[in-house]
Amino acid sequence: MLLAVEAGEMLQDALPRTLDGAGIDAREAALATELVYGTLRRTRELDERLGAATHRPMGAQRPPVRWLLRLGAYQLLFSRIPPHAAVNETVALCARWVPSARGFVNAALRSLRPGPGVSALPPWLRQRWVSRYGRLGAEAMEAWAVVAPPLTLRVNRLRASRQEVAERLRAAGHAVRPTSWAGDGLRLLGAGRVQALPGWADGLFAVQDEAAMLVGEAAGPLAGRRVLEVGTGRGGKLGHLYERMGGAGEIWGVDSSEPRIRAAQATMTRLGHRGVNLVVRDAREPWPEREGWADCVVVDAPCTGLGVIARRPDILRRIDPRAPARHRVLELELLQAAGRLVRPGGLIVYAVCSLEPEEGESVVASFRRLFPAYRPEPAREGPVPWEHFEVAPGQYASLPYRDGTDGFFIARLRRDPERESAPG
Ligand SMILES: C[S@@+](CC[C@H](N)C(=O)[O-])C[C@H]1O[C@@H](n2cnc3c(N)ncnc32)[C@H](O)[C@@H]1O
């Protein structure tokens, strides 16, 4: 998995691809997952320690040796695995991958020593966050980035209540509590494989972070409405929108990736959500049949993902200082295209799992210059205390270290029929 990530595969794809066919039991799969995630979250610190132990920069090692060293070092420095087992297992793995490096790996791991903490963030990102959140805030973001976040479930309210699902999970021995901000969520501690939880096969819930649930909540009441999501992916938020519509109305999900639309179809089937329209298309292209059609368009734009690095630590391996500005281009294009799909009086909810201003506030400002008919509209309804998240009228941000959620930016933009002179 680590080598696949090094070669450019996303961890969220490499993980199931590898574990599903591995023929190992749930506990071994959980351990493998924790080791891979931990090694990726702590790579910078591991490299520092290993560099000191081997007197060579880690960049000079061949990839399999580099990853074996990191995997072994992670176990020695950050896990409760007994040191002799960590070293022996790593050397045994080395015998399979690079037999000639066995002695070197063994010696390097045995001379490994703990040292002062090293930031998990690349220096440019650390500097960026110090400027924005202050030194203490940036440190809190770093502390968040290296710890596994809790597993959060969104209860499928069309099939069960939050209370019912919580009781069922507790009866199976799981520690569960309601989410702090979102109305449909449950938090689990030490849950293991989600597919093994009671109620999974019956579609009683989906895995979704609480901040992602706020996106669905920001769409306001949806029963009987025409709803369209741009960037549906595997259908996380689309399922929530369907549930909030009460299954009444018309719903479309659009994504440019065919495999993701197929995955979204499977998600809808498992949850029992019928009649969802899923389309593979580039949402930047004109769509004349849908212009002025939707009551609500949710734009879940592909972003840097800097608000979800605790869940997807491989993101830090690919990111560079220009990434936020680069992502901004596609984000604005998708928002512009969405601006044409909403009917006068309808709503756009724009969301990114990043707190970088280029991808949030700045995209909204540029969009409003191009589409003056849209005005920000504060959210008022539902269980969410929106004032807590408000960064500007109609704009919201969840802060991981403050809120215990992923970092999301969300904006609500209403197409005002009275300012309709020149849309687009
Ligand atoms: C943030 S992810 C979506 C996550 C998903 N909505 C969920 O809640 O699980 C953004 C999605 O936008 C899609 N995307 C990227 N470029 C696109 C384009 N030009 N048109 C449509 N979808 C696009 C990506 O394939 C990706 O699935």
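Nothing here was measured: the structure is a model prediction, and the numbers come from that model. Both ligands and their constituent atoms are indexed starting at 1 by order of listing.
Each ring pair (Phe, Tyr, Trp, His ring centres under 6.0 Å) pair with one or both residues in residues 208-250, not counting sequence neighbours, appears once here: Y242-H273.
Around ligand 1 you find E229, G231, T232, G233, G236, K237, D255, S256, S257, R260, R281, D282, A283, R284, D300, A301, P302, L330, L334, each with a heavy-atom distance below 4.0 Å.
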Enumerate, atom names and distances included, each donor-acceptor pair closer than 3.5 Å involving a side-chain atom of residues 257-265, sequence neighbours excluded.
| residue | atom | partner | partner atom | Å |
| --- | --- | --- | --- | --- |
| S257 | OG | R260 | N | 3.1 |
| E258 | OE2 | R262 | NE | 3.2 |

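Every side chain to side chain contact (heavy atoms under 4.5 Å, CB included) that P344 has, sequence neighbours left out, goes to R415, P417, E420.
Note on R284 versus E333: salt bridge recorded, some NZ/NE/NH1/NH2 to OD/OE distance being below 4.0 Å. Classification of R318 and D314 as a salt-bridged pair holds, one side-chain N sitting under 4.0 Å from a carboxylate O.
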So E6 and W67, side-chain hydrogen bond (donor to acceptor under 3.5 Å, both in side chains) or not? Walk me through it.
CA-CA 9 Å; E6 161 119 358; W67 285 108; 2.6 Å; yes

